[in-house]
Amino acid sequence: DAKTTQPTSMDCAEGRAANLPCNHSTISGNEYVYWYRQIHSQGPQYIIHGLKNNETNEMASLIITEDRKSSTLILPHATLRDTAVYYCIATPGNTPLVFGKGTRLSVIA
Amino acid sequence: GAVVSQHPSWVICKSGTSVKIECRSLDFQATTMFWYRQFPKQSLMLMATSNEGSKATYEQGVEKDKFLINHASLTLSTLTVTSAHPEDSSFYICSASRFSSGGLYNEQFFGPGTRLTVL
């Protein structure tokens, strides 16, 4: 799996968009970008994934740069319940997910 | 859909005893199941990969005789921590995977975790 780099922590005001960056400059052509989050003392929760096109679902949007070397996860209207550690993982999708340190997002009222 | 359960959610045991943790995929058949361990303030670490009916593949540094994995069916995997010691206290998380509808990649779904405390 390609190495990913994320900021250690971020703050976001409640109701505002949270933009979480991820750098994956060594990503291979067959590797997807996955985002998971882990709320304290729970198992990781799938958010979204993409290969090269931007993706959107009911939880978030994923913007992948044209060269695929970086991506941004967007939570359009952050709530207190979105406070969690967010993990960006680059993987071909047929191997177990390997987690880095992630970004600790704190949503502030 | 795609729900994974774990039982128990937490367990406290005495040093030297064995503890079994169950992982079930409730509404799908999992091609593969994975076991992770997470220490406080750290990320998840993959312990082993298991496929139904075959021996588990353990990551480097994980003792296969201490962490016994049985994958009895496409919906059930168990992790037994044998002769548990305080240093085995951790948050154990399982996940189950299935192929996407197009078969291009695996979708991996996680259980809620089991907190093990060894006294």
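Quick note: numbers below take in every heavy atom, side chains included, and nothing from hydrogens, waters or symmetry partners. Letters A, B, ... are given to chains in the order of the sequence lines, protein chains preceding strands, and every chain is numbered from 1.
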Check: Can you tell me how far CG of L97(A) sits from OH of Y36(B), rounded to the nearest 0.5 angstrom?
Finding: 5.0 Å

Notebook entry, point to check: Applying the 4.5 Å side-chain criterion to the ILVMFWY set and letting contacts propagate, would L75(A) and Y34(A) be lumped into a single cluster?
Noted result: no

Check: Got I93(B) and Q38(A) here, is their nearest side-chain heavy-atom distance under 4.5 Å?
Finding: yes

Check: Do L79(B) and V11(B) sit in the same hydrophobic cluster, where Ile, Leu, Val, Met, Phe, Trp and Tyr count as joined when their side-chain heavy atoms come under 4.5 Å apart?
Finding: yes

Notebook entry, point to check: Considering heavy atoms only, which positions within residues 40-78 of chain B lie below 4.5 Å of chain A?
Noted result: S43(B), L44(B), L46(B), T49(B)

Note to self: Sort by residue number and list every residue of residues 84-91 of chain B having at least one heavy atom under 4.5 Å from chain A.
What the structure shows: F91(B)

Check: Under a 4.5 Å heavy-atom cut-off, does chain B meet the side chain of T91(A), its backbone, both or neither?
Finding: neither

Check: Do F110(B) and Y36(A) have side-chain heavy atoms sitting under 4.5 Å apart?
Finding: yes

Item checked: ILVMFWY cluster, L62(A) and M59(A) together (side-chain gap under 4.5 Å) -> yes

Note to self: Same cluster or not: L105(A) versus I47(A), using hydrophobic residues (I, L, V, M, F, W, Y) connected whenever any side-chain heavy atoms lie under 4.5 Å apart?
What the structure shows: yes

Checklist line | Contact winner vs chain B - G102(A), G43(A), P44(A), heavy-atom pairs under 4.5 Å | finding: P44(A)

Checklist line | Transitive ILVMFWY side-chain link I48(A) to Y86(A), under 4.5 Å | finding: yes

Check: Rounded to the nearest 0.5 Å, how far apart are CD of E107(B) and OH of Y46(A)?
Finding: 7.0 Å

